[in-house]
Structures are given as structure tokens and as C-alpha cells.
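Throughout, protein chains are lettered first and strands after them, A, B, ... in sequence-line order, and every chain is numbered starting at 1.
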2 protein chains.
Amino acid sequence: MRKDHETRKTEIIQSALDLAAQVGVSAVTTQSIADRVGIAQPTIFRHFKTREAIFHAAIEFVASALFKALEPVLAKTGPADKQLRKLFSVHLKFISKRHGVPRLLFSDRLHVEDPRLRETVQNIFARYIGVVSSILKRGAQQGVFRTDIDPDETAKFIAATMQGLFLQWSVSDFNFSLQEQEEKLWNYVWAATGHR
Amino acid sequence: MRKDHETRKTEIIQSALDLAAQVGVSAVTTQSIADRVGIAQPTIFRHFKTREAIFHAAIEFVASALFKALEPVLAKTGPADKQLRKLFSVHLKFISKRHGVPRLLFSDRLHVEDPRLRETVQNIFARYIGVVSSILKRGAQQGVFRTDIDPDETAKFIAATMQGLFLQWSVSDFNFSLQEQEEKLWNYVWAATGHR
DNA sequence: AACCTATGTAAGTGATTACTTACTTACATA
DNA sequence: TATGTAAGTAAGTAATCACTTACATAGGTT
């Protein structure tokens, strides 16, 4: 049953995320992770120095997976509005499969208990906003997006609408499909940012 | 030092909210509340049956205060777009003075640990959306808002943009002023919902 | 003055937690 | 085949938590 350090690490991260989805971040104890992985609780500390470190690794794991999923969208060179629309679609699909992400996003651990984690998430937000902003800039040149607004501010606004949707989704206990909201949300965003 | 039941209750609620703002919901222990109020820890249980009940009371206290603050805005009869703009302003000012609110909104307690609390917040969201929706309907009749969109869905979208802003605000550790974002946010919302 | 009720407290209790220590064992490599 | 390293564990430990019990007292009512 003995496994490689890296293998165990990802098993622990995955289990922590699954557990966060099911019981919430604060109930993700080292014991519950260990049970789910199928190892003893002290073994967790062979692979992570502290419980905190597990959540850091989990956030970075998720962010990395998200940007990897967005890569094919960003490589496209067609109309920027179609590209942003596709980014919406991929992002929503990604989150809809990972309930642990909103649980982490709306946790005490992120917001107050772990300032370093907060900084990491701020950086991820900034990176996401940069991605959206560059699409908006390209779209402004193409004449499909408005030219009278700051792309960075607009990207922040777009990120906020999605994050707000995730909040409502989590508070509803994931009781509606994100994808079914995609079209509606896009219509508002398009109305606010599209060239007339 | 002996005080009225109702007086102590509100003291406990206020202290819980202040603590939530400073140290996060999960660190709001009955001991820390008691210390802040200036009573012994078991005395908390003279006024609230469980710790859970304190958060329920806090949420209802805040919601009641918010809708009371919005009342004068809702009473107005002028142009609906000006009314919605004013609602934005009052809402943002209200939240900016109460850091405990986003802490509660982005807590494990709300999202997973207490399903009843989640339901309560869902109802508050629904009430807020109803308020915004009725302004949008009035504005559609006045010809200032779009008539080709569902007011309820639009209200949900508007709520999401504000909630997303609150998320970014909390993750930044309240490091920017909500009011300075008001104008920008309004411009996007107005572009998405105003009649052309 | 007697009494009652509600607010108050000191001193627990049992459950849970992240993390440690001391020891074991699987396994790649020399 | 011998050996070092790293993955594994059982059994703690000290701290923290919500909540309870048993008792004290303030202050309004009679």
C-alpha cells in the first residue's frame, strides 16, 4: 500500500477538495482526509507540514487546472466576443463539476484565517481579470466591444457577476445548473460591454 | 450590572457581528462574545439557547436594518433609474459600515454548517431581488428600463454583481472603498438594463 | 418584609482538534 | 544481500470548544 510522495500528495489534495464540497472547509480535518485516502492521520503530516499547507496546495491545484482548461479558448484568434462567450462556457462548466471550489471561496479559512491564502486567491483573481481584459482589448480593436471603457475595470465587473452567481449557487446548495444561467448572464454582460 | 433580556440580546448580537468582522465567524466563540459584552461565558446561554441561535438572530438583525435603510428609497416615486441608483448607493454605504456582513456571507457556517441559516439568507436574497425587480418593472413602464428582459432575472443579475463586488472587497481585506466602485458598477448595470 | 423570577457566575464535562513522539516496515540502490 | 531513506503507524498531548450543573443574588411584586 506504500505510495510515492507525489501520488499521496495529490490524493490528499483531491480528498480535501471532495470533503470541502461535502462537509465544508472547516470540517475538513486531517483525520477525515486520512480516512478518505485510506491512511493513518499522522501520515498526512509526512506529506504536508501543516493542515494549512493542504489548502494552499488545493487552491494552487485548482487554479492551475482552471487556467489549463481555459488555454484552448485563449489560443483562438476569431471574433473576441465569441471567444469571451466560450470562456464563460468553459469556466462555468469547470466550476459546476467542482463544488469544492465555491466552498473554499466562501470559507472563513480563505477570508480571515489564512491571510497568505487570501493573497494567493487575489493573485488568481488578478490573473483571471488579466485574461478577460486582454480579450476585451482585442475585441475593442475588432470593433465588437465598447472602446469607451477601461478593459481592466470591465474584466473586474465580469468576474464579479460570475462570483456573485457562484455565491447564489452555493447558498442554494447547488440547487440549479450553472449552465442554464450561462446564456442569461452572457446577455447582460454582452449588453453592457458590446459595441453598439 | 444586571440588564434586561432584550438589552443583553442585542449586546450579544452586536458583539458577535463586530467579532465576525475582526476574527471571522468560526472564531466567534461564546467565550469571546462574553468577554466583549463583559459577562461570563455561561451567561450567553441565558439569552440564547445555542451558539447557532446567535448567528440566526444576527442575520435577521442585519437584514431588518438593511431593509429599514432602504425604505426611504423605496418610498420615492420619481424616475425609476434614479431610484435604483439611490438604492445602490444606500446598499453599498450600509455594507461598507458593517464588515461583519460579508464575513457572515462568506462563512462555512452559512454555506454548509447551518442549512436553516442558508434558507434564511435565501429568503433575504429573494426579498432583495423582489425589491429591485419592482423598481425595474416601474422603470420599464416609464420607458427608462429595457422592456425585453425578465425583471426578476435582471434583479438576480444585479444582486450578483453586488455580491461579487463584496467578495472581491472581502478577499482584498476591505482594502478599497465600496463607494468608489459605486459609479463604475452602476455604469455597467445601466448599460445592461437601460432603455435605448 | 417576604418572595419569586430572571440574570448572573464558578467550576466543571466530554468531545474534538492539529500536531508530536517513538517506533516499524517497504523498497530502491549499492 | 545489506543498508539507508522515506512512508507508514499507535498512542499520545495540550488546547479549545459548546454546553451543563449547582448555586448566588438583584430587583420588581405582593
Side-chain angles (χ1 to χ4, degrees), chain A residues 1-20 22-59 103-104 107-110 112-117, chain B residues 1-20 22-59 103-104 107-110 112-117:
Chain A
M1 288 292 188
R2 212 187 159 95
K3 282 187 186 168
D4 187 62
H5 181 57
E6 286 305 314
T7 310
R8 278 294 191 227
K9 245 179 152 168
T10 59
E11 280 182 11
I12 289 169
I13 290 169
Q14 275 293 359
S15 295
L17 282 168
D18 292 347
L19 279 168
Q22 287 172 26
V23 297
V25 173
S26 67
V28 178
T29 63
T30 54
Q31 183 66 67
S32 67
I33 298 171
D35 289 348
R36 187 169 247 264
V37 174
I39 54 178
Q41 183 255 0
T43 308
I44 298 288
F45 293 92
R46 291 278 175 217
H47 304 286
F48 290 94
K49 213 167 179 237
T50 62
R51 175 174 178 259
E52 216 177 296
I54 299 171
F55 293 113
H56 278 262
I59 284 273
R103 290 307 190 216
L104 260 168
S107 69
D108 302 290
R109 179 132 298 271
L110 169 62
V112 281
E113 290 167 8
D114 191 340
R116 269 188 51 227
L117 195 63
Chain B
M1 291 290 191
R2 215 184 158 94
K3 282 189 187 166
D4 187 62
H5 182 57
E6 286 306 313
T7 309
R8 277 295 191 227
K9 246 179 150 168
T10 59
E11 281 182 11
I12 289 169
I13 290 169
Q14 275 294 358
S15 296
L17 282 169
D18 292 347
L19 279 168
Q22 287 172 26
V23 296
V25 173
S26 67
V28 177
T29 63
T30 53
Q31 183 67 66
S32 66
I33 298 171
D35 289 348
R36 187 169 247 265
V37 173
I39 53 177
Q41 182 254 0
T43 308
I44 297 288
F45 293 92
R46 290 279 177 216
H47 303 285
F48 289 94
K49 214 168 178 235
T50 62
R51 175 175 179 259
E52 214 176 297
I54 298 171
F55 294 113
H56 278 262
I59 285 273
R103 291 307 190 214
L104 260 166
S107 70
D108 302 291
R109 179 132 299 269
L110 170 61
V112 279
E113 290 167 7
D114 191 341
R116 270 188 51 227
L117 195 63

(message) Expected output is a numbered-order residue list: members of residues 31-41 of chain A with a heavy atom under 4.0 Å from any atom of DNA chain D. What is it?
(response) Ile39(A), Ala40(A)
(message) Whole angstroms only, please: what is the CZ-P distance between Phe48(B) and dG8(C)?
(response) 12 Å
(message) Is any side-chain heavy atom of Val112(B) closer than 4.5 Å to one of Val25(A)?
(response) no
(message) Return the pairing partner of dG12(C) with a 3.5 Å limit on both distances, Watson-Crick or G-U wobble; otherwise return none.
(response) dC19(D)
(request) Measure from the side chain of Arg46(A), starting at C-beta and using heavy atoms only, and say which of dA18(D), dC19(C), dG8(D) lies closest. (result) dG8(D)
(request) Report the residue (His5(B) or Thr30(A)) whose heavy-atom-nearest nucleotide on DNA chain C is the more 5′ of the two. (result) His5(B)
(request) Measure the distance from CD1 on Ile44(B) to P on dA10(C) and round it to the nearest whole Å. (result) 14 Å
(request) Run the numbers on Glu52(A) and Arg109(A) for side-chain contact (heavy atoms from CB on, under 4.5 Å), then give the verdict. (result) CA-CA 9 Å; Glu52(A) 216 177 296; Arg109(A) 179 132 298 271; 3.7 Å; yes
(message) Both Glu6(B) and Glu52(A) contact DNA chain C. Which one's nearest nucleotide lies toward the 5' end?
(response) Glu6(B)
(request) Grab the two heavy atoms, one from Phe48(B) and one from Lys9(B), that are nearest each other, plus how far apart they are. (result) CZ-CG, 3.6 Å
(message) Measuring only between side-chain heavy atoms, which start at C-beta, is Phe55(A) closer than 4.5 Å to Asp114(A)?
(response) no
(request) Go ahead and name the base partner of dT29(C); Watson-Crick or wobble counts if both distances stay under 3.5 Å, otherwise write none. (result) dA2(D)
(request) Output the single nucleotide from dT17(C), dC19(C), dA18(D) whose closest atom is nearest the side chain of Phe45(B). (result) dA18(D)
(message) Output the rounded distance in Å from CD (Glu113(B)) to C1' (dA18(D)).
(response) 13 Å
(request) Please determine, for the side chain of Arg2(A), which listed nucleotide (dC23(C), dC19(C), dA26(C)) has the closest atom? (result) dA26(C)
(message) Measure CZ/Arg51(B) against P/dT16(C) and give the value in whole Å, please.
(response) 16 Å
(message) Side chains of Ile39(B) and Lys3(B), heavy atoms from C-beta outward: is any pair under 4.5 Å?
(response) no
(request) Choose from dA7(D), dG8(C), dT20(D) the nucleotide whose nearest atom is closest to any side-chain atom of Lys3(B). (result) dG8(C)
(request) Compare every heavy atom of Ile13(A) with every heavy atom of Ala58(A), then report the nearest pair and how far apart it is. (result) CA-CG2, 3.8 Å
(message) Is the phosphate of dT9(D) approached by Thr43(A) (side-chain N or O, under 4.0 Å from OP1 or OP2)?
(response) yes
(request) For residues Ile54(B) and Ile33(B), report the shortest heavy-atom separation together with the two atoms involved. (result) CD1-CD1, 4.0 Å
(message) To the nearest 0.5 Å, what is the distance between OG on Ser15(A) and CD on Glu11(A)?
(response) 7.0 Å
(request) Carefully, step by step, assess Thr30(A) and Phe45(A) under the rule side-chain contact (heavy atoms from CB on, under 4.5 Å). (result) CA-CA 9 Å; Thr30(A) 54; Phe45(A) 293 92; 3.8 Å; yes
(message) Could you measure the distance from the CD1 atom of Ile44(B) to the OG1 atom of Thr29(B)? Nearest 0.5 Å is fine.
(response) 9.0 Å
(request) Measure from CZ on Arg8(B) to C1' on dA6(C) and round the result to the nearest Å. (result) 13 Å
(message) Side chain of Thr50(B), heavy atoms from C-beta onward: which of dT20(C), dG8(C), dC19(D) has the nearest atom to it?
(response) dC19(D)
(message) At a heavy-atom distance below 4.0 Å, what parts of residues 12-20 of chain B sit against DNA chain D?
(response) none
